[in-house]
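Only this structure's heavy atoms are used, side chains among them; waters, hydrogens and symmetry mates stay out.
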Amino acid sequence: MDALIYTVMSGAERALRAQQVHANNLANLETPGFRGNVELTGRQQVAGYGYAARHMSELQADAVSARQGTQRDTGRELDVAVQGEGLFAVQSGEGEAYTRAGNFSLNAEGGLMLGERAVLGDGGPIVLPPHSKLAIAKDGVISILAAGQTEMQPVDRLKLVKPAMGELTKNEAGLLVPRQGGELAADTTVQLNAGHLESSNVSAVEEMVATMSLSRDFELQMKLFKAADSMADAGNRLMRE
């Protein structure tokens, strides 16, 4: 009897935690470049002598959806979207992290930023000299029109990487990092679309359907728990009689 209770209670816990994963996805529905978390369920045997028939469900939510979001034309010179596979590199602590978000800005010192994080180029954080015009080419080369100049001049290049999404997970800040740690090498085949932003790849409909399905799963687990409790009571009565 207790073998069933192990399965039921871990299943209910899994349903609740999976709800949190989908709630986070829905909360980032409008976040540019956001990649939805994917929840997978496995099982693990309860450790210890005499527990061979007892198993618990195990939630794994460290996978990231590889589906691409839609791109919209913003016309803004610091907005840029990745075409096909690829990621931007940004500074994260002492190392690097990666993202599809390309809604960049410039700080007072000319640093190219993604929120509070420096955007990385071939030689580290990108800092641009004063300019009146800026353009980002398909290959990530950044050109500016400096004061007194009549032609655009290349000044730096965005660091672009192209790992398999299965090799990535998210860090605490929600940025993508390699599962094995370390930094990824630049990939010159990644192509960009300047003046565009990629939306989140989360589907509101799919997330709502998943949420409703998990609610039904939780109700089923509670019914099974009550059934197990009733069977335990019946067994106890038989023992007393």
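- Residues passing the side chain to side chain contact (heavy atoms under 4.5 Å, CB included) test with V38 are L40, A63, S65, sequence neighbours excluded.
- Checked against side chain to side chain contact (heavy atoms under 4.5 Å, CB included), S215 has the following partners two or more places apart in sequence or in another chain: Q19.
- Identified under the ring pair (Phe, Tyr, Trp, His ring centres under 6.0 Å) test for residues 186-237, with sequence neighbours left out: none.
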Run the side-chain donor-acceptor check on residues 110-122: report pairs under 3.5 Å with partners two or more places apart or on a different chain.
none

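- Through direct or indirect side-chain contacts shorter than 4.5 Å among Ile, Leu, Val, Met, Phe, Trp and Tyr, V177 is connected to no other residue.
- Qualifying side chain to side chain donor-acceptor pair (under 3.5 Å) partners for T31, counting only residues two or more places apart in sequence or in other chains: N28.
- Residues K159 and L184 are not in side-chain contact: their nearest non-hydrogen atoms beyond the backbone lie 4.5 Å or more apart.
- Applying the side chain to side chain contact (heavy atoms under 4.5 Å, CB included) criterion to Q45, with sequence neighbours excluded, gives A52, H55.
- Only one option out of T99, L87, V161 pairs with L176 in a side chain to side chain contact (heavy atoms under 4.5 Å, CB included); it is L87.
- Screening residues 69-95 for ring pair (Phe, Tyr, Trp, His ring centres under 6.0 Å) gives F88-F104 as the qualifying pairs, with residues at least two apart or on separate chains.
- To the nearest 0.5 Å, atoms CG (D217) and CG (L16) are separated by 11.0 Å.
- Residues I126 and D156 are in side-chain contact: their nearest non-hydrogen atoms beyond the backbone lie under 4.5 Å apart.
- Annotation: side chain to side chain donor-acceptor pair (under 3.5 Å) contacts involving residues 75-92, sequence neighbours excluded, comprise T74-D79, R76-D79.
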Would you tabulate the side-chain donor-acceptor contacts of residues 135-149 under 3.5 Å, counting partners in other chains and residues two or more places apart, or write 'none'?
| unit_1 | atom_1 | unit_2 | atom_2 | d |
| --- | --- | --- | --- | --- |
| D139 | OD1 | V141 | N | 3.2 |

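- Annotation: side chain to side chain donor-acceptor pair (under 3.5 Å) contacts involving residues 174-186, sequence neighbours excluded, comprise D62-R179.
- Both L160 and L134 belong to a common hydrophobic cluster when Ile, Leu, Val, Met, Phe, Trp and Tyr are linked at side-chain heavy-atom distances under 4.5 angstrom.
- Residues passing the ring pair (Phe, Tyr, Trp, His ring centres under 6.0 Å) test with Y98, sequence neighbours excluded: none.
- K162 contributes atom NZ, which lies 9.0 Å from atom CD of Q191 (distance to the nearest 0.5 angstrom).
- Taking the side chain as every heavy atom from C-beta outward, T188 and R157 approach each other to under 4.5 Å.
- No option in Q68, Q71, R100 other than R100 meets the side-chain hydrogen bond (donor to acceptor under 3.5 Å, both in side chains) test with E198.
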